[in-house]
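As the structure is a computational prediction, the values presented were derived from the model and not from experiment.
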Amino acid sequence: MKPQDIIKEKNSLWIFGYGSLVWNPGFAYKRSKIGFIEGYKRRFWHGDDFYRGDKEKLARVVTLVEDQEACTWGVAYEVTDSQIEESLQHLNMREVVLGGYITKTVKFIPKEKGQGLLLALVYIATSSNPIYLGPASEKDIAAQIAGCSGNKGHNIEYLVRLVEFMRLYCPEVEDEHLFSIEAALLNIYSDCGGIKPTDQKAILVGTT
């Protein structure tokens with residue numbers, strides 16, 4: 001689906017982010033809501049050769065994998081009027097051209113009680129993408145994350161910021177995949193002499 005097809009006859013659009021979009025949407029928006037979508041699980045199964053890695057060492061970033069028993073938490077952004085085309089142009093370059101993601105429409109459920117379902121656009125990387133990495137153990141994923149950096153910073157920052165978002169805004173949610181990778185990463189550093197929480201902050205220098 002091309003951006004021009006999405007914006008036809010629309011004056012408002014919701015965009016759901018579950019990876020770097022939760023802390024850095026990169027576009028102007030009217031408002032945002034924290035919530036979740038059902039039928040998908042978030043996994044560090046996609047490769048990144050630009051933002052957090054390079055051609056020689058692919059980073060690990062998240063995508064969504066269909067699972068009827070799962071749900072994924074994130075942020076939905078409402079864009080209106082001229083913001084729609086501007087945001088879609090930005091995301092087309094960021095997610096589609098450079099990331100290899102495709103677009104789908106999902107039902108977003110806000111965390112705030114009393115709010116109705118919202119139809120939202122989401123970007124998903126599938127196994128048909130040439131840099132799709134697929135499943136691996138949490139230990140192997142953590143090791144790959146520990147050794148990669150790209151144009152927007154270290155791959156560790158990507159993981160840490162996502163963990164921070166979940167703990168700050170969705171403290172009641174136990175994201176086993178995400179937190180297991182975090183624990184495996186901390187074990188890697190522990191084996192090398194230890195890493196303190198303050199050391200993680202020093203890695204937070206990128207934005208995407």
Side-chain angles (χ1 to χ4, degrees), residues 15-27 32 34 36-37 40-65 72-77 90-91 93-102 122-126 129-170 173-189 192 195-208:
I15 299 169
F16 177 67
Y18 57 91
S20 63
L21 289 183
V22 304
W23 71 83
N24 178 43
F27 53 83
S32 64
I34 294 170
F36 63 93
I37 62 172
Y40 291 93
K41 58 188 178 184
R42 175 171 41 213
R43 290 293 182 267
F44 275 82
W45 289 3
H46 191 47
D48 174 19
D49 61 6
F50 184 79
Y51 291 113
R52 300 293 177 175
D54 56 36
K55 301 292 184 182
E56 300 297 323
K57 298 176 71 175
L58 289 178
R60 283 265 181 178
V61 293
V62 293
T63 185
L64 296 178
V65 178
T72 295
W73 285 78
V75 181
Y77 300 94
H90 168 77
L91 292 171
M93 177 57 67
R94 173 173 166 175
E95 305 293 341
V96 179
V97 176
L98 295 176
Y101 288 71
I102 61 172
V122 68
Y123 291 80
I124 300 175
T126 69
N129 192 296
I131 58 173
Y132 187 85
L133 297 173
S137 69
E138 282 79 8
K139 183 177 180 180
D140 288 343
I141 291 174
Q144 190 167 352
I145 289 173
C148 292
S149 61
N151 290 289
K152 289 294 185 179
H154 205 287
N155 203 179
I156 294 175
E157 183 205 6
Y158 181 98
L159 170 66
V160 171
R161 286 195 183 275
L162 193 49
V163 168
E164 287 183 337
F165 164 78
M166 288 299 297
R167 293 216 167 103
L168 182 61
Y169 295 104
C170 315
V173 179
E174 181 60 35
D175 193 321
E176 183 178 353
H177 177 75
L178 177 64
F179 297 153
S180 294
I181 294 171
E182 179 201 26
L185 181 67
L186 291 173
N187 285 336
I188 291 173
Y189 279 92
C192 296
I195 182 172
K196 301 175 182 179
T198 51
D199 296 329
Q200 294 183 21
K201 299 296 183 181
I203 299 170
L204 305 184
V205 294
T207 57
T208 299

One pair to check against side-chain contact (heavy atoms from CB on, under 4.5 Å): L178 and V163. What are the steps and the verdict?
CA-CA 7 Å; L178 177 64; V163 168; 3.8 Å; yes
Apply side-chain contact (heavy atoms from CB on, under 4.5 Å) to I131 and F50, showing your working.
CA-CA 11 Å; I131 58 173; F50 184 79; over 6 Å; no
Check the pair S20, R94 against side chain to side chain donor-acceptor pair (under 3.5 Å), reporting the backbone distance first and the verdict last.
CA-CA 11 Å; S20 63; R94 173 173 166 175; 2.9 Å; yes
Kindly determine whether C148 and K57 satisfy side-chain contact (heavy atoms from CB on, under 4.5 Å), including the steps that lead there.
CA-CA 6 Å; C148 292; K57 298 176 71 175; 4.1 Å; yes
Evaluation steps, side-chain contact (heavy atoms from CB on, under 4.5 Å), between Y158 and K152:
CA-CA 10 Å; Y158 181 98; K152 289 294 185 179; over 6 Å; no
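Between F36 and W73, the two ring planes are tilted [angle within 30° to 60°]. Between Y132 and H46, the angle of the ring planes lies from 30° to 60°, which puts this pair in the tilted group.
Taking all atoms of both residues into account, the shortest heavy-atom contact from Y101 to A125 is CD2-N, 3.2 Å. Contact between T72 and R42 at its shortest, heavy atoms only, is OG1-N, 3.3 Å. Residues A146 and Y189 share a closest heavy-atom pair of O-OH, 4.4 Å. Shortest non-hydrogen contact noted between E138 and A184 is O-CB, 3.8 Å. Closest of all the heavy-atom pairs between K55 and D49 is NZ-OD2, 2.9 Å. Scanning all heavy atoms of the two residues, the minimum distance from W23 to P25 falls at C-CD, 3.9 Å.
Within the 4.5 Å cutoff, the side chain of I37 has heavy atoms near those of the L64 side chain. Side-chain atoms of E95 and L21, non-hydrogen and from C-beta on, do get closer than 4.5 Å to each other. Within the 4.5 Å cutoff, the side chain of F179 has heavy atoms near those of the M166 side chain. In this structure, V22 and Y169 have side chains that are not in contact, with every pair of non-hydrogen atoms separated by 4.5 Å or more.
Without hydrogens or angle criteria, Q144 side chain to L58 main chain gives a donor-acceptor distance under 3.5 Å. Of the possible donor and acceptor atoms, none in the side chain of R43 sits under 3.5 Å from a partner among the backbone N and O of T63. Between the side chain of H177 and the backbone N or O of F44 there is at least one donor-acceptor pair closer than 3.5 Å. N155 contributes no side-chain N or O that, together with a main-chain N or O of A59, makes up a donor-acceptor pair within less than 3.5 Å.
Atoms CG and CZ, from D175 and F165 in turn, are 10.5 Å apart once rounded to the nearest 0.5 Å. Within the model, atoms NZ of K139 and CG of L185 stand 13.0 Å from one another, a figure rounded to the nearest 0.5 Å.
Aromatic pair Y40/Y18: ring centres not closer than 6.0 Å.
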